[in-house]
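Computed from heavy atoms alone, side chains included, the values below leave out hydrogens, waters and symmetry copies. In the text below, chain A, chain B and the rest are named by the order of the sequence lines, each starting its count at 1.
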Amino acid sequence: MSPLDTRLVGATLVVCAALFGWRMLRRPKPYFGDSDCVLFDPDAVYHPDMAILPGTDAGHMDDNPRGYQAETGQQGMDLGEMVGAAFFALLDEVYMFHPETFEIVFMNARARRRNSHQAKGQALHFGQIVPGLDRARLRGAVQPLLTGANDVECLDYEADEEEIHISLQLIQQGDGPTCFMAVLQRTEADFMAVLQRTEADESDAAQRTADYVATVSHELRTPLTSVKGAMELLASGALGDVSGGAASVLSIAQRNIDRMISLTNEILDLAKLEAGQMKLNVLPMDMVGLVQDAIEVNAHYARQCGVALNADGLGPPVQVLGDRGRLMQVMSNLLSNAAKFSNPGQQVNVALTATSDRLRVSVIDQGQGIDAETRAQLFQRFGSSSLSAAGIAGSGLGLSIVKSIVQAHNGEIGVDSELGRGSEFYFDLPIFRDEWKTIGVST
Amino acid sequence: MTELPKVLHVEDDSDIREIACLALEAIGGLSLVQCASGPEALSKAQAATPDVLLLDVMMPGMSGVETLAELRKLPGLETTPAVFMTARAQLSEVEELRALGAVAVITKPFDAMTLAEELISIWRGTL
C-alpha cells in the first residue's frame with residue numbers, strides 16, 4: 001500500500017469512526033496480540049468496532065491483557081483509578097458474577113441503574129437479569145469459557161420486546177480467583193426507551209417525594225395554625241389578662257411555634273428544590289425597593305434582638321430579573337441571621353454595589369464572626385447548625401435554601417468574616433437593563 | 001360607624017374554626033356564619049347572605065374549589081368575593097385559585113390578630 005493509499009484509508013476510517021461512532025485507537029505499528037482486532041495487512045488494522053491508524057501516535061499496543069496504555073503518562077493521573085472509573089461509567093451494562101453460584105459480585109453504574117428496583121442487601125444472580133435466561137442455559141453458555149475452548153461467548157436474547165446481546169468472558173487475576181464478566185448491549189431503540197423509562201421513573205420518584213413532604217407539611221401547618229392563633233389571642237389579652245410568669249411562658253411558646261412554622265416552610269422549600277418543583281415568577285424588579293421593604297419587614301425582629309438595621313445611601317433603583325417573593329426570602333434570611341448573631345446595641349448595614357453588569361447586595365454585621373471551618377460548609381444543608389448549637393435557634397437549612405434561590409437567579413452568594421469583628425454576607429445578581437428587552441431578553 | 005362585611009367561613013378543622021371565630025368576631029367585630037363542610041355551606045349560604053366567602057382549600061369530600069363552584073350557581077352568590085385559605089401556598093396554586101375566581105389567598109398559619117383587618121381590606125378592595 002502506498003503512503004497516499006495509507007492516508008486515504010486512514011482518512012476514510014476517521015470519517016467512518018465519526019459517522020458510526022467507532023472507537024479509534026492510534027498506534028505506530030501493526031498489532032499481533034490477542035484481541036478483537038483483525039489484521040488485514042501490515043499498514044492498517046481494521047475491525048467494525050475499532051480502527052487503528054498506523055504511525056500517528058506516541059503510544060503502542062501490545063498483547064498485555066490490561067489493554068492499551070500510553071507510554072507518556074499524564075502527570076498526576078492515577079491510570080488504574082481512571083480505568084476503573086471509565087469501566088464503571090460505561091454505557092453498556094457490565095456484570096461480574098461468581099463462576100459457580102452465578103451470584104453477582106459487581107455491577108457498573110448502568111447495570112445498577114437498570115436493577116435499581118431490586119431490594120438492597122439481597123443476593124442477585126445473573127440468571128435474574130435477563131428474563132428467559134435460565135440457569136441451565138447459562139451453564140451451557142459458560143462451559144466453553146471454563147474449558148478454554150472459547151475466549152468469548154455471545155448470546156442474543158429477545159425479552160420484553162428488547163433485543164439483548166450478551167458477551168460473556170472468563171476473567172482471571174493471575175493464578176488467583178476467577179469470575180465471569182457479562183456485558184449487555186440493548187438495541188438502540190430499546191436502549192433509548194430504557195433510558196427514557198428510567199428518567200421518567202426518577203422524575204416520578206422525585207414528584208412522589210415532593211408530594212409526600214408537601215402533604216406532611218400541610219398536615220403540620222393545620223395544627224400549627226390553631227396553636228399559633230390561640231397563642232396570639234391569649235397574648236393579646238382579648239380573652240383575659242395574661243401577666244407575670246404566664247406571659248413569660250406564653251412568650252416562649254410563641255417563639256417556638258414560630259420556629260416550628262419556619263422549619264416546616266424550610267422543609268417544604270427543600271423538597272421543592274430537590275424535586276425541581278420550585279418555580280420562579282421572574283420579572284424585572286427594583287432591588288433598592290426590595291432592600292428597603294426587607295429592612296422594614298425585619299426591623300421588628302431586629303429590635304427584639306436589640307439590633308438596628310441600616311441601609312443608608314442605597315442610591316437610585318437598580319433593576320434585576322427576579323422573583324420578588326423569593327428574593328425577599330433571601331434578604332429576610334440574611335437580615336434575621338445578622339440580627340440574631342449580633343450583640344444588643346450593634347448595627348447591621350445593607351449596602352448595594354453595582355458594576356457594569358452585576359449588582360452586589362451586602363449584609364454586614366458587627367457580630368461574633370464565623371471561623372474558617374464553619375464558613376466552608378455554611379451554605380451546605382445543616383452547615384450552619386453548629387452556629388445554631390451555640391444557643392441560637394436555627395434549622396441549618398436556611399442558608400442552603402438561600403444559596404439555591406440565588407443560583408436559580410444566575411447569581412452567586414458568599415461570605416467574608418473575621419472572628420470577633422463580624423461578617424459580610426453578599427450575593428451578586430445580573431443587572432437587568434430596559435434596553436435588553438429590545439434584543440429579546442425573555443421576562 | 002363603618003360598615004363591616006358578613007363572612008361565610010367554610011373550614012373542616014373545628015379548632016381553626018374556633019380560632020377564626022375569635023379572630024373575626026371577638027377581635028374584628030365581623031358578623032360570621034361558619035360551616036364545617038362544602039355541603040353545609042351550600043345549605044346555609046343563601047340564608048346567610050354573606051358579603052365575603054372565606055373557604056379552606058383542602059377539605060375532605062368537597063374541596064374549597066368545588067364548594068365555590070357550587071356556591072356560584074346559587075342566586076345572589078354569583079359574584080360574592082371569595083377568599084381562599086391554604087396551607088400549600090405554592091405560587092402555581094395561588095395563581096390557579098385566583099383564576100378560579102378568588103380575589104385573594106390567605107396562607108396558613110394566619111395571624112389571628114390581623115385576620116379580620118386583612119379580610120376587611122380585601123373586601124373593601126372589591127367594592
Is it true that, when you exclude [X] itself, more than 12 heavy atoms of the residues, nucleotides or ligands shown sit nearer than 6.0 Å to its [atom1]?
| X | atom1 | answer |
| --- | --- | --- |
| Met260(A) | CE | no |
| Glu117(B) | CD | no |
| Glu296(A) | CD | no |
| Glu18(B) | CD | no |

Subject >> Residue Asp13(B) versus chain A: region with a heavy atom under 4.5 Å >> reply: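 Asp13(B) touches chain A through side-chain heavy atoms alone.
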Subject >> Residue pair Ala238(A) / Ile27(B): nearest heavy atoms and the distance that separates them >> reply: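 For Ala238(A) versus Ile27(B), the nearest heavy atoms are CB-CD1, 3.2 Å.
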**OP:** Measure across Lys108(B) and Arg221(A) and return the closest heavy-atom pair with its distance rounded to 0.1 Å.
**Re:**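 Smallest heavy-atom distance, with atoms named: O-CD, 3.5 Å.
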Original post:
Checking Leu220(A) against chain B: side chain, backbone, both or neither under 4.5 Å from a heavy atom?
Top reply: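 The answer is neither part of Leu220(A).
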**OP:** Go through the atoms of Leu233(A) and report whether side chain, backbone, both or neither lie under 4.5 Å from a heavy atom of chain B.
**Re:**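 Contact with chain B is through both the backbone and side chain of Leu233(A).
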Subject >> Residue, of Ala112(B), Ala26(B), Ala23(B), that accumulates the most heavy atom pairs under 4.5 Å with chain A >> reply: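 Greatest number of close heavy-atom pairs with chain A: Ala112(B).
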**OP:** With sequence neighbours left out, write down each residue that passes side chain to side chain contact (heavy atoms under 4.5 Å, CB included) with Ile252(A), or none if nothing qualifies.
**Re:**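 With sequence neighbours excluded, Ile252(A) shows a side chain to side chain contact (heavy atoms under 4.5 Å, CB included) to Arg255(A), Asn256(A), given in chain and number order.
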Original post:
Any side-chain heavy atom of Ile16(B) sitting closer than 4.5 Å to one from Thr222(A)?
Top reply: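 A side-chain contact under 4.5 Å exists here.
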Subject >> For Asp111(B), side-chain hydrogen bond (donor to acceptor under 3.5 Å, both in side chains) partners two or more places apart >> reply: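 Residues passing side-chain hydrogen bond (donor to acceptor under 3.5 Å, both in side chains) with Asp111(B): none at all.
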Subject >> Residues that Glu412(A) engages under side-chain hydrogen bond (donor to acceptor under 3.5 Å, both in side chains), provided they are two or more places apart >> reply: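 None.
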Original post:
In Å and rounded to the nearest 0.5 Å, what is the CG to CD distance from Leu22(B) to Glu232(A)?
Top reply: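 The distance works out to 12.0 Å.
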**OP:** Could you please state which residues from residues 327-335 of chain A sit under 4.5 angstrom from chain B, measuring non-hydrogen atom to non-hydrogen atom, sorted by number, or 'none'?
**Re:**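 No residue falls under the 4.5 Å cut-off.
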Original post:
Looking at Ser236(A), Pro223(A), Ser226(A), Gly229(A), which makes the most heavy-atom pairs under 4.5 Å with chain B?
Top reply: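 The option with the most such pairs is Ser226(A).
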